[in-house]
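Notes follow once the structure below has been shown.
Note that the structure is a prediction, hence the values are computed from the model and not measured. Start at 1 with the first residue, then count along the sequence.
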Amino acid sequence: MFVPFPHSTTATAVAVPPSLALPVIEAAFPRQSHPYWPRLQEKTRSWLLEKRLMSAEQVEEHADGLCYTDLMAGYYLGAPDEVMQAIGDYSAWFFVWDDRHDRDIVHRRPLAWDRLRTRLHTALDRPQEHLRHEDPVVAGLADSVLRLYRFLPDTWNARFARHFHTVIEAYDREFRNRIEGYVPAVQEYLDLRRLTFAHWIWTDLLEPSAGIELPESVRKHPAYRRAALLSQEFAAWYNDLCSLPKEIAGDEVHNLGISLIAHEGLTLEEAVAEVRRRVETCITDFLVAERDALRFADDLADGTVRGKELSLAVRACLANMRNWFSSVYWFHHESGRYRVDSWDDRSTPPYVNNEAAGEK
């Protein structure tokens, strides 16, 4: 059983600015939440505090309002509670790491970033050895991935680690680009964005949610892969659309709108319109890809027990790819992470310590 919630997990529905409203999402992608969500929120809040990823004051004032658990609970429906908790904590860690990366750039701390980058690579491969690391971001990664590694075979664990190693390196490329003020061209940006947004990580996590490791022949089938990619592209580009004011204020160089302005000669208004067009195209293309992938799921049901198992798993993963659209959409209007008009400094979230972040 899933819990429906048409707009917000709070009692008050959120008003979506007309420039960011997507009526097709609101009408055709009904939002649901994992029934474990209230417990997930409570336990992730405690985990952030226990792992020293946020101070007690930050947890009290901001953790619920950031809606990180809402985002995951709206995506990985059907996941066992233990899997949902591990994903929720890992996601919260990811956002904290993203903020740490940003502060190392803003304060021009290349040595601190290089040290963190190296430690994260090592912790990803040997998490057991880093559970008590002095750096909370390193220890938090070790704890969260060690829990994720319990659910599926070592082959899935190795794939997850391989994918996340590439994400860490993509964050390093973004670090260099921002330090140098280099705005990547549009296609270069899109290729990098797939990595910094961790497209394949969030797709990998569909499998423990469904309770099965999908074979490569299924994961790389064009129908399945296209649906997975489009769900993630939507999320990344809609994020760019919503975060453009914050990132312009922060002299960012990594945003589809900024690449369009710098390399295609578009005005800000034209860039916003083009990003929105791409977002809307993702939705219509996904609806086509979803039908193709459902036919693929039907074909997998070949009368064998294994075929039925794979068919049901692909259908579960596709349903959650669809859930990603509504979860991402509402997250961007409920989370305090994107309410830049209420921040003293539109480039810096109020829950980030601007002076001491990353300094231990």
Side-chain angles (χ1 to χ4, degrees), residues 1-4 24-25 28-36 72-87 90 145 147-164 166 194 197-235 281-328:
M1 177 183 176
F2 304 134
V3 180
V24 67
I25 295 293
F29 290 77
R31 187 181 182 190
Q32 302 176 96
S33 181
H34 197 293
Y36 181 69
M72 294 296 111
Y75 184 17
Y76 296 104
L77 275 67
D81 291 354
E82 185 182 17
V83 174
M84 189 73 259
Q85 188 65 59
I87 292 174
Y90 170 74
V145 299
R147 287 155 60 206
L148 290 171
Y149 286 173
R150 293 174 183 165
F151 304 120
L152 291 178
D154 288 345
T155 47
W156 184 91
N157 297 348
R159 174 172 24 116
F160 181 91
R162 184 172 67 252
H163 285 163
F164 197 65
T166 65
R194 290 180 180 178
F197 198 81
H199 281 23
W200 303 117
I201 288 292
W202 307 119
T203 302
D204 286 339
L205 289 169
L206 292 169
E207 294 169 57
S209 300
I212 185 173
E213 180 184 20
L214 296 175
E216 185 173 337
S217 59
V218 172
R219 289 185 288 105
K220 294 192 175 179
H221 188 282
Y224 182 88
R225 193 169 179 86
R226 178 158 175 75
L229 180 61
L230 285 166
S231 73
Q232 293 296 323
E233 298 281 51
F234 165 81
T281 299
C282 265
I283 301 169
T284 55
D285 287 352
F286 174 80
L287 294 173
V288 174
E290 181 184 41
R291 289 195 293 271
D292 292 342
L294 287 171
R295 282 194 291 270
F296 170 55
D298 289 341
D299 292 342
L300 287 169
D302 58 3
T304 66
V305 172
R306 176 62 169 169
K308 181 179 181 181
E309 180 184 52
L310 288 175
S311 177
L312 290 173
V314 167
R315 284 184 168 274
C317 291
L318 285 169
N320 280 337
M321 290 175 199
R322 166 177 272 272
N323 288 332
W324 192 225
F325 284 83
S326 57
S327 193
V328 163

Validation: residues 306-314 side-chain donor-acceptor distances under 3.5 Å, sequence neighbours left out:
from, atom 1, to, atom 2, distance (Å)
Arg306, NH1, Glu309, OE1, 2.8
Ser311, OG, Ala297, O, 2.7

Fill in the blank from the handout: OG1 (Thr155) and CD (Glu216) are apart, to the nearest 0.5 Å, by 11.0 Å

Completion exercise
Heavy atoms of Thr281 and Thr284 approach each other most closely as O-OG1, 3.0 Å

Handout entry: Least distance between heavy atoms, Val218 atom then Tyr224 atom
Key = O-CB, 3.5 Å

Completion exercise
Nearest heavy-atom contact between Ala73 and Leu77 is O-CD1, 3.2 Å

Problem - Step-by-step side chain to side chain contact (heavy atoms under 4.5 Å, CB included) determination, Ile283 to Phe29 - result: CA-CA 10 Å; Ile283 301 169; Phe29 290 77; 3.7 Å; yes

Practice task
Measure the shortest side-chain to side-chain distance between Ile212 and Trp156 over non-hydrogen atoms and say whether it is less than 4.5 angstrom.
Solution key: no

Problem - Nearest-0.5 Å distance, CG of residue Asp298 to CZ of residue Arg315 - result: 4.5 Å

Exercise for the section: Nearest 0.5 Å please: distance from the CG atom of Leu318 over to the CG atom of Asn320. Expected result: 9.5 Å

Let me check something: any side-chain donor-acceptor pairs from residues 79-87 under 3.5 Å, sequence neighbours excluded? List them with distances.
from, atom 1, to, atom 2, distance (Å)
Gln85, OE1, Tyr36, OH, 2.7
Gln85, NE2, Thr44, OG1, 3.1
Gln85, NE2, Asp89, OD1, 3.0

Practice task
Output yes when Arg226 and Asp292 qualify as a salt bridge under the 4.0 Å nitrogen-oxygen rule, no when they do not.
Solution key: no

Handout entry: Ring center gap for Phe286 and Phe325 short of 6.0 angstrom
Key = yes

Exercise for the section: Measure the shortest side-chain to side-chain distance between Met321 and Leu230 over non-hydrogen atoms and say whether it is less than 4.5 angstrom. Expected result: no

Exercise for the section: Verify the ring-centre separation between Tyr90 and Trp202: is it less than 6.0 angstrom? Expected result: yes

Problem - Side-chain donor/acceptor of Glu207 to backbone N/O of Leu214, under 3.5 Å - result: yes

Handout entry: Where Ala210 and Cys317 come nearest, the two heavy atoms and their spacing
Key = CB-SG, 4.2 Å

Handout entry: Side-chain heavy atoms of Ile25 within contact of Phe234, under 4.5 Å
Key = yes

Problem - Phe160 ring center within less than 6.0 Å of Phe151 ring center - result: no

Exercise for the section: With rounding to the nearest 0.5 Å, note down the distance linking OG in Ser327 to OH in Tyr76. Expected result: 10.0 Å

Problem - Residues Arg162, Trp200; criterion side chain to side chain contact (heavy atoms under 4.5 Å, CB included); working and verdict - result: CA-CA 10 Å; Arg162 184 172 67 252; Trp200 303 117; over 6 Å; no

Completion exercise
Per side chain to side chain contact (heavy atoms under 4.5 Å, CB included), Gln232 is matched among Val328, Thr203, Ile201 by Thr203

Handout entry: Residue pair Glu233 / His199, side-chain heavy-atom distance below 4.5 Å
Key = yes

